[in-house]
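Note that ligands are numbered from 1 as they come in the structure, with each ligand's atoms numbered from 1 the same way.
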Amino acid sequence: MIVILRSDATEAQIQHIVNRATKLGLKSNISRGVERTVIGFIGPEDALRVIPLEVFPGVEQVMQVLAPYRLVSREFKKQDTVIKLPYHTAVGGKKIVVMAGPCSVEGYDSLLSIAKKVKGLGATILRGGAFKPRTSPYDFQGLGEEGLQILQRVGKEVGICTISEVMDTRQVELVARYVDILQIGARNVQNFSLLKEVGTSKKPVMLKRGMSATIKEWLMSAEYLLANGNFEVMLCERGIRTFETATRNTLDINAVAVARRLSHLPVIVDPSHGTGSWEYVAAGARAGVAAGCDGLMIEVHENPEEALSDGAQSLMPDKFEELMTVCKRIAQAVGREV
Ligand code: PEP
Ligand code: MN
């Protein structure tokens, strides 16, 4: 249940409602928008039915949110969520953010070099995995904490935000210490212990869609993060499994429009994992921008042949440059900026 407040509702009136809800065993979440303030209640909602919230001073409307993903839904919050990051970066506004970098952090020199290049071409977030979810235990598993240290150092030296995956509840505090955005990978989209733990973290999160997760399941996973207190969540479409074998995954462009309609959270498109092949990455990225995404995540590597993971889907800097040029034009055509 959510309560929409009148535009002239006072702080005392808001507190009065919150206090009553607390006494009934509910947690309140106050979302202060430009147009209106909304209180969402988390907990045994039936308890609320015993008090006539409609007549409380300052209340305009009491609404039952029908979507099972309540806090994530557009019913709960009409305006797009905008997540502020260091270096004047924001995710969810008019500007489409670009996250770029290697699949894995491989070393200081290579990361520094690619970071300078992608920043020079317009990326504002540097990606690089330190804990890698690999199908085979014999494949490169990431540099671990050393990788995070390199990512943080390069981010500071270049002046760019950073994102890296957290795979395990035991790593949340560690990864959060080094990066600006925690990434939850496709394989962990329904790792509810991890979602709860990251929900209590103060760091913005990017939640990838699971390769077999429906949009509803993906949004329910995002709900875990919000319900545990973290509202700085972005969603990332990274391709799903279908019968098609020509590409590694099938990038679900529909999901961009659907998620944007159902939720106020920013939606990022990752055509690198969505296609699995550098030759199709640009097409997927262009489609994502045209469909209304709020950001792109692109794997870029200076020497894909030698990459320790995902070389086949990594763009060389010159291809990344071409892609940025065309995305700028598409963004403009749909009323956005890159
Ligand atoms: C990644 O971003 O490198 C990654 C492993 O992504 P996903 O979880 O989408 O497979
Ligand atoms: Mn990868």
Side-chain angles (χ1 to χ4, degrees), residues 97-106 110-111 114 118 123 125-137 139-144 147-148 150-151 161-168 171 175 179-191 194-195 198 204-213 215 217-218 221-222 225 233-242 247-252 255-256 259 267-278 280-281 284-285 288 293 295-316 320:
V97 293
V98 177
M99 310 179 181
C103 178
S104 303
V105 175
E106 298 175 358
S110 60
L111 192 68
I114 201 70
V118 296
I125 300 170
L126 177 66
R127 66 147 288 141
F131 293 100
K132 296 302 302 175
R134 305 306 301 277
T135 302
S136 165
D139 286 342
F140 177 60
Q141 302 287 308
L143 294 179
L148 294 172
I150 293 171
L151 184 61
C161 306
T162 54
I163 180 168
S164 199
E165 177 162 351
V166 55
M167 281 173 52
D168 194 289
Q171 297 161 350
V175 182
V179 301
D180 298 310
I181 308 169
L182 298 170
Q183 174 172 322
I184 297 181
R187 290 154 191 83
N188 269 322
V189 71
Q190 287 191 318
N191 180 339
L194 182 63
L195 294 171
V198 173
V205 193
M206 186 177 83
L207 175 65
K208 289 215 175 184
R209 180 179 179 186
M211 53 194 86
S212 304
I215 294 172
E217 286 165 342
W218 181 30
S221 292
L225 297 166
V233 176
M234 44 201 117
L235 301 164
C236 177
E237 162 58 41
R238 49 77 73 204
I240 51 173
R241 271 212 182 151
T242 67
T247 48
R248 180 178 178 189
N249 290 295
T250 296
L251 185 65
D252 183 6
V256 180
V267 178
I268 313 297
V269 166
D270 170 357
S272 304
H273 296 87
T275 62
S277 164
W278 70 269
Y280 306 126
V281 168
C293 75
L296 292 171
M297 170 169 263
I298 313 281
E299 287 187 340
V300 187
H301 199 286
E302 288 187 287
N303 189 2
E305 273 181 33
E306 302 289 327
L308 296 179
S309 58
D310 285 348
Q313 66 194 34
S314 299
L315 291 188
M316 304 256 273
F320 178 65

**Set of salt bridge (Lys or Arg N to Asp or Glu O under 4.0 Å) partners for Arg209, sequence neighbours left out** = Glu237, Asp252
**Request:** Name all residues meeting the salt bridge (Lys or Arg N to Asp or Glu O under 4.0 Å) criterion together with Asp310; count only those two or more places apart in sequence or in a different chain, and write none if there are none.
**Result:** Arg248
**Fill in**
Those residues with a heavy-atom separation under 4.0 Å from ligand 1 are Cys103, Arg127, Lys132, Pro133, Glu165, Gln183, Gly185, Ala186, Arg187, Lys208, Arg238, His273, Glu299
**Message:** In the structure I gave you, are the side-chain heavy atoms of Lys208 and Glu165 within less than 4.5 Å of one another anywhere?
**Reply:** no
**Prompt:** Out of curiosity, Leu126 CG to Ile181 CD1, how far, rounded to the nearest 0.5 Å?
**Reply:** 10.5 Å
**Prompt:** Salt bridge check: are Glu299 and Arg127 linked by an N-O gap of less than 4.0 Å?
**Reply:** yes
**Request:** Could you grab the distance from atom CD of Gln183 to atom OG1 of Thr162, nearest 0.5 Å is fine?
**Result:** 11.5 Å
**Complete:** So, leaving waters aside, the tally of protein N/O/S atoms less than 2.8 Å from the Mn ion (ligand 2) stands at 4
**Atom pair CG (Asp168) and CG (Asn188), whose distance is rounded to the nearest 0.5 Å** = 8.0 Å
**Request:** Might you confirm whether atom CZ of Arg241 has over 12 heavy atoms from other residues, nucleotides or ligands at distances under 6.0 Å?
**Result:** no
**Message:** To the nearest 0.5 Å, what is the distance between CG on Leu111 and CD on Glu302?
**Reply:** 10.0 Å
